Amino acid sequence: MHDRFMQRALALAATAASAGEVPVGAVVVKDARVVGEGWNRSIGACDPTAHAEVVALRAAARALGNYRLPGATVYVTIEPCLMCVGALVHARVDTLVFGIPEPKAGAVESTMRATEHAALNHRLRVISGVLAADCRAILQQFFRERRS
């Protein structure tokens, strides 16, 4: 099941790449159905908070009529940054599934373990490495093309 939803996140990452955005896609799933999705839109929207995860959480909250998303799983192609971890915790997401680590800004396992901070009153279950090769490939291809 994780592969199916990560495939959707990868398709959304491709949409971001087509728009000249860093190719990151995110899907919010509840009760085995997609309730929100998003891709990076920071550049086009002139919005530093328009990361794929935040866009997907906003869409899910609107669809469900609640800013809290208990029982939801978020699939994202790359490890979330600190801002996105904060949004996931605030939304009370149950599970985070991501493809690859982000060594410069990843706040789940790479630069810090923000989901484990003692002051937080909510904990996420974390699964990493889902379709990692595909998630890595789309990012590498994007940056290879940008450099040439």
Side-chain angles (χ1 to χ4, degrees), residues 1-42 44-45 49-118 120-145:
M1 183 163 81
H2 293 315
D3 287 1
R4 178 173 71 123
F5 293 120
M6 189 61 79
Q7 285 288 357
R8 180 62 190 147
L10 281 160
L12 295 166
T15 300
S18 304
E21 302 274 359
V22 175
V24 178
V27 176
V28 180
V29 175
K30 186 164 179 173
D31 300 325
R33 69 180 181 93
V34 173
V35 294
E37 52 184 37
W39 58 89
N40 272 2
R41 295 180 179 180
S42 295
T49 69
H51 290 195
E53 301 93 314
V54 172
V55 173
L57 288 171
R58 287 174 179 160
R62 278 191 306 275
L64 297 174
N66 191 346
Y67 75 106
R68 300 280 198 220
L69 302 171
T73 298
V74 172
Y75 293 83
V76 62
T77 54
I78 194 166
E79 178 183 7
C81 70
L82 185 57
M83 175 186 70
C84 292
V85 167
L88 294 166
V89 168
H90 189 67
R92 304 297 192 264
V93 166
D94 280 358
T95 305
L96 166 66
V97 180
F98 69 88
I100 57 172
E102 209 298 67
K104 292 182 181 177
V108 178
E109 62 183 34
S110 295
T111 65
M112 64 185 79
R113 295 189 172 275
T115 60
E116 299 170 15
H117 194 283
L120 297 178
N121 64 352
H122 178 72
R123 297 281 183 258
L124 302 167
R125 181 173 151 228
V126 177
I127 300 168
S128 62
V130 174
L131 298 182
D134 295 332
C135 293
R136 184 173 292 105
I138 195 168
L139 276 168
Q140 288 175 338
Q141 179 65 28
F142 176 79
F143 285 111
R144 198 175 302 122
E145 290 172 4

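Because only heavy atoms are used, hydrogens play no part in the values below, and waters and symmetry mates are left out as well, while side chains stay in. As the structure is a computational prediction, the values presented were derived from the model and not from experiment.
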Please list, chain by chain and in numerical order, all residues satisfying salt bridge (Lys or Arg N to Asp or Glu O under 4.0 Å) with Glu37, sequence neighbours excluded.
Arg8
Correct closest heavy-atom pair for Ala114 and Leu120 would be O-CD1, 3.2 Å
Where do His2 and Tyr75 come nearest, in terms of heavy atoms and distance?
ND1-OH, 2.9 Å
Please list, chain by chain and in numerical order, all residues satisfying side-chain contact (heavy atoms from CB on, under 4.5 Å) with Ala61, sequence neighbours excluded.
none
Minimum heavy-atom distance Glu53-Cys81, with the two atoms named
OE2-N, 4.5 Å
Sequence neighbours left out, cut at 3.5 Å: what donor-acceptor pairs do the side chains of residues 125-135 make with other protein atoms?
none

Provide the full list of ring-ring contact (aromatic ring centres under 6.0 Å, His included) pairs with a residue in residues 9-33, sequence neighbours left out, each pair given once.
none
side-chain contact (heavy atoms from CB on, under 4.5 Å) between Val54 and Met83, intermediate numbers included:
CA-CA 9 Å; Val54 172; Met83 175 186 70; 4.2 Å; yes
Specify the closest pair of heavy atoms between Thr111 and Lys104, including all atoms of both residues, with the distance to one decimal.
CG2-O, 3.4 Å
Can you see whether Arg4 engages Gln7 through a side-chain donor-acceptor pair at a distance of less than 3.5 angstrom?
no
Heavy atoms from other residues, nucleotides or ligands near CZ of Arg144 exceed 12 (cutoff 6.0 Å):
yes
Does the Lys30 side chain pair with the main chain of Gly36, one donor and one acceptor, at a distance under 3.5 Å?
no
Could you tell me whether the side chains of Ser110 and Glu102 share a donor-acceptor contact shorter than 3.5 Å?
no
Considering only distance and modelled atom types, tabulate donor-acceptor pairs under 3.5 Å from the side chains of residues 15-29, sequence neighbours left out.
unit_1, atom_1, unit_2, atom_2, d
Thr15, OG1, Ala11, O, 3.3
Ser18, OG, Ala14, O, 3.0
Glu21, OE1, Ser42, N, 3.4
Glu21, OE1, Ile43, N, 3.0
Glu21, OE2, Ile43, N, 3.2
Glu21, OE2, Gly44, N, 2.6

N/O donor to acceptor pairs below 3.5 angstrom from side-chain atoms of residues 93-100, sequence neighbours left out:
unit_1, atom_1, unit_2, atom_2, d
Asp94, OD1, Gly71, N, 3.4
Asp94, OD2, Gly71, N, 3.0

From Glu116 atom CD to Leu124 atom CG, the distance as rounded to the nearest 0.5 Å
10.0 Å
Closest approach of Ile138 and Leu10, non-hydrogen atoms and distance?
CD1-O, 3.9 Å
Please answer whether the main-chain N or O of Glu109 pairs with a side-chain N or O of Glu79 as donor and acceptor at a distance below 3.5 Å.
yes
Exercise: identify the closest heavy-atom pair between Val108 and Pro80:
CG2-CD, 3.9 Å
When you look at Met112 and Leu82, which way does the side-chain contact (heavy atoms from CB on, under 4.5 Å) test go after all the steps?
CA-CA 9 Å; Met112 64 185 79; Leu82 185 57; 3.8 Å; yes
When you compare the side chain of His90 with that of Arg68, does any pair of heavy atoms fall below 4.5 Å?
yes
Should we say atom NE2 of His117 is surrounded by more than 12 heavy atoms from elsewhere, each under 6.0 Å from it?
no
